[in-house]
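A short worksheet on the structure shown next.
First the proteins, then the strands, lettered A, B, ... as listed; each starts at 1.
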Amino acid sequence: MQPKMIPALALALCGIWVAGCATRPSDSETERAVAEMIKASFKTRGQATVARLNQDDAQALCSKHAGELPKDVSDGIEKAQQATIRYPSSGKLMGDWREGERIAQSGVGKQFTDAPTRPAGGSCYNCHQLSKQELSFGTIGPSLYQFGKQRGASEAIQKYTYGKIYNSQASTACSNMPRFGHNGVLTEEQITHLVALLLDHDSPVNK
Amino acid sequence: MADPMRIRANMTGDKVEVKVLMAHEMETGLRRDAGGNAIPAHFIRNVSVTYGGKTVLSAQWGTSVSRNPFLHFRFNGGKPGEKVMITWLDNKGEKRTDEAVIAGGG
Amino acid sequence: MRIDRVLAGVLAATLPCLSPAQQDTQKEIERYRQMLQESNPAELYEARGEELWKTRRGPRNASLERCDLGLGPGVVKGAYVRLPRYFADTGRVQDLESRLGTCMVTLQGFTPEEAGRKPFSGTGAPMITTDPFSGVGQRSVMTDLVAWIASESRGMTIAPSVSHPKERLAYQAGERLFYYRAGPYDFGCVTCHGEEGKRIRLQNLPKMTNAKDAQRAFGTWPGYRVSEGELRSMQWRMWECVRQMRFPELEFASDASIALITYLAKQAEGGTFDAPAIKR
Amino acid sequence: MDARRREVLKTGGGVLALAAAAGIIRPGEALAQEWNKAAFETKSVAETVKALGGRGSTPSSAIEITAPDIAENGAVVPIAVESKLPRTQALAILIEKNPNTLSADFEIPAGTDPFVSTRVKMGETSNVYALVIADGKYFHAVKEIKVTIGGCGG
């Protein structure tokens with residue numbers, strides 16, 4: 001959004017209130033109400049505890065700056081998130097693409113209805129096109145079809161891909177994509193399988 | 001007791017067009033509840049439709065007919081103002097009969 | 001449901017490599033949705049709900065016919081499209097389900113726990129889940145009532161009230177909650193509903209800050225969901241989204257749920273209400 | 001016996017209905033006995049045809065299946081079957097890859113159009129068969145329906 005548009009938009013927003021802007025609740029009043037609701041309207045169920053509603057720095061900043069992320073904030077988030085990435089101690093970044101496809105298909109994990117012992121899926125197809133065969137794919141993220149074919153599978157590309165899945169916000173602050181490794185959704189090994197799904201020459205993604 | 005069906009019977013030309021919605025679980029027997037216990041099969045097995053004492057459609061169903069079943073068919077020889085009667089019977093012996101008056105053309 | 005999902009998952013991995021163009025997929029899905037419109041089992045719920053409104057129930061053996069949904073005692077026609085709104089007797093902004101809970105307490109004598117936390121079964125059938133919605137083998141009085149009351153606003157214009165300070169506060173808190181990102185997946189409502197023309201799998205996602213999308217979304221809930229064989233309400237829609245966001249459980253008829261619904265209703269203002277709809 | 005009950009008794013048809021009318025069996029039982037358990041337990045199209053009294057079936061272009069190519073959800077797949085074969089007596093819907101193949105079997109008396117529309121569950125992408133008995137002979141049409149995975153938490 002261009003800065004000069006903001007006053008006009010603010011005026012337009014005022015217009016929707018019958019009683020005018022003067023009686024809108026103040027920001028601090030709204031903030032108090034939200035904090036109260038977050039405390040009173042949710043309850044722990046199964047593995048989904050109320051502690052999950054406590055935001056970390058990135059979550060708080062992304063919520064606050066939704067829509068217009070200032071450059072310094074975004075740089076700060078990326079730098080902090082970059083520092084969280086842990087690579088597998090084996091040094092091996094490419095796993096088995098077949099396993100990767102299974103993980104990419106699965107959307108289970110971390111819901112209060114999921115068994116906590118069951119490994120989470122990557123929900124990849126929820127948001128991305130990957131292999132050509134799967135017609136049911138989402139579009140919140142870009143198509144990853146032929147991801148490896150276009151980029152190759154050099155060590156640098158492997159590292160980038162692993163890092164992107166481990167912590168998407170290391171390269172894109174406030175990305176819609178979960179920080180799968182950093183937040184403990186996927187294991188390091190699971191991530192290497194997804195790297196293979198994206199980069200392996202034989203993976204259906206690159207056919 | 002089972003809920004009433006929603007029956008629409010309309011004349012279209014010289015035919016009676018019948019559309020029915022039945023309130024039924026149509027449970028396959030293959031699902032489990034939240035506690036992991038098998039949910040027993042519960043489904044409509046027989047449907048029959050009569051007009052003027054004569055059967056105009058009879059059906060046998062398995063568990064793979066969708067929940068809250070829908071059925072649409074047409075028969076000849078019906079008149080507006082007369083009644084169509086529908087009966088279903090499920091695997092637990094539960095039964096429901098409802099009737100609808102045939103509406104004029106439209 | 002779990003088994004169906006597993007089967008579908010197995011299938012997804014073994015789809016034949018015909019790969020028709022994506023437009024064809026979208027077109028066929030549209031055709032599927034069109035075919036569903038021919039008949040909507042929501043009617044079965046609406047019929048039950050209309051009966052339940054008039055049925056004497058609870059410790060006071062009273063019906064809900066004098067329940068004030070905002071337009072005066074007993075006025076149902078058009079009530080849904082004016083909700084949520086502030087009610088002086090409770091001092092709260094309430095959506096339909098919250099308000100029905102109030103009436104079950106004040107008119108029928110149920111405890112708030114009974115009215116808000118558990119679905120009632122008109123037949124005394126055993127309940128399998130404890131969620132405040134209907135599910136396998138159980139009926140929800142609340143859901144049935146919602147189906148009928150919503151149907152009594154069909155074709156009307158969505159016009160929620162935002163003149164009372166508490167209504168404005170609910171709206172603004174709802175907006176904040178819409179952007180609130182948290183949990184192990186970093187999700188917020190905005191993750192899926194902040195951009196135009198996006199999908200999860202093949203399901204189109206409404207952008208809630210876009211009036212046309214919001215009108216269509218708000219205007220088609222409650223809905224009969226074929227994937228579950230159940231009628232689902234707006235409270236359920238919030239509860240289920242929040243579950244999939246990996247948040248803790250959103251309490252039924254809680255202030256946060258009502259704030260979110262208030263925000264959505266306001267975004268959808270001016271749209272035509274066309275529910276209960278039939279959905280995937 | 002009230003009028004409604006008398007009406008119900010007439011729905012059975014044939015010998016069973018006569019038995020019911022004579023008070024030998026109740027109407028519910030009369031209906032129950034007409035359920036072809038063996039047919040609903042079959043696991044293949046060939047078995048189902050056999051269980052429904054056929055020795056095989058011939059493909060026919062006079063049978064039309066109206067259904068989507070892709071179903072957004074397998075729990076509800078709308079399917080209509082229409083037969084243009086003379087003297088159509090019965091229509092059945094078979095889903096090859098479901099745990100049990102036979103989904104629904106409709107008897108079409110004279111005077112009723114050889115057409116039914118209903119909704120069925122499909123566990124996965126499968127061929128759907130419309131089996132028609134016309135003039136004592138068995139015919140079929142087939143259509144593949146793809147079932148897609150949906151939602152985000154499964």
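In C:Arg31, the CZ atom is crowded: over 12 heavy atoms of neighbouring residues, nucleotides or ligands sit closer than 6.0 Å. Around the NZ atom of A:Lys207, the shell of radius 6.0 Å holds more than 12 heavy atoms that belong to other residues, nucleotides or ligands. The 12-atom threshold is not exceeded at CD of C:Gln34, counting heavy atoms of other residues, nucleotides or ligands nearer than 6.0 Å.
Listed here is the closest heavy atom pair of C:Ala182 and A:Arg52: CB-O, 3.5 Å. In terms of heavy atoms, C:Arg246 sits closest to A:Gly107 at NH2-O, 2.8 Å. Of all heavy-atom pairs between C:Gly197 and A:Thr139, the closest is O-OG1, 3.9 Å. Minimum heavy-atom separation, A:Met37 to C:Ala173: CE-CB, 3.7 Å. The shortest heavy-atom contact between A:Val108 and C:Tyr185 is O-OH, 3.9 Å. Residues C:Cys192 and A:Ile140 come closest through the heavy atom pair SG-CD1, 3.8 Å.
A salt bridge is defined here as a Lys NZ or Arg NE, NH1 or NH2 lying under 4.0 Å from an Asp or Glu carboxylate O, and C:Glu251 with A:Arg45 fails to meet this definition. In summary, C:Arg181 and A:Asp56 do not engage in a salt bridge, as defined by a charged side-chain N under 4.0 Å from a carboxylate O.
Put simply, the side chain of A:Asn176 reaches to within 4.5 Å of the side chain of C:Glu195, judged on heavy atoms. For the pair A:Cys127/C:Arg199, no side-chain contact is recorded, criterion being any heavy-atom separation below 4.5 Å from C-beta on. For the pair C:Gln172/A:Glu31, no side-chain contact is recorded, criterion being any heavy-atom separation below 4.5 Å from C-beta on.
There is no contact between C:Phe178 and chain A, counting heavy-atom distances below 4.5 Å. Contact annotation for A:Ser131: neither backbone nor side-chain heavy atoms come within less than 4.5 Å of a heavy atom of chain C.
Note that the CG atom of A:Leu135 and the CZ atom of C:Arg201 stand 10.5 Å from one another [nearest 0.5 Å]. With rounding to the nearest 0.5 angstrom, the CG atom of C:Asp186 is 4.0 Å from the CZ atom of A:Arg179. Atoms CZ and CD1, on A:Phe137 and C:Ile200 in that order, are 14.0 Å from each other to the nearest 0.5 Å. Rounded to the nearest 0.5 Å, atoms CG (C:Leu250) and NZ (A:Lys43) are 10.0 Å apart.
Heavy-atom pairs under 4.5 Å with chain C peak, among A:Ala120, A:Pro178, A:Ala33, at A:Pro178. Ranked by heavy-atom pairs under 4.5 Å with chain C, the list A:Ala48, A:Ala66, A:Ala51 is led by A:Ala48. Of the residues considered (C:Pro248, C:Ala170, C:Gly183), C:Pro248 shows the highest number of contacts with chain A, using heavy-atom pairs under 4.5 Å. When C:Ala256, C:Gly188, C:Gly174 are compared by the number of non-hydrogen pairs under 4.5 Å with chain A, C:Ala256 comes out ahead. Looking only at heavy-atom pairs under 4.5 Å with chain C, the residue among A:Val185, A:Thr49, A:Thr44 that has the most is A:Val185.
With A:Ser41 as the fixed residue, the side chain to side chain contact (heavy atoms under 4.5 Å, CB included) test singles out one of C:Asp255, C:Val242, C:Leu177, C:Ile258: C:Asp255.
Side chains of C:Arg176 and A:Thr30: a donor-acceptor N/O pair is absent below 3.5 angstrom, by distance only.
One N or O on the side chain of C:Tyr180 and one on the backbone of A:Leu53 form a donor-acceptor pair closer than 3.5 Å.
Ring centroid separation for the pair C:Trp239 and A:Phe112 comes in under the 6.0 Å cut-off.
Residues of residues 57-65 of chain A placed with any heavy atom under 4.5 Å of a heavy atom in chain C are listed by number as A:Gln59, A:Cys62, A:Ser63.
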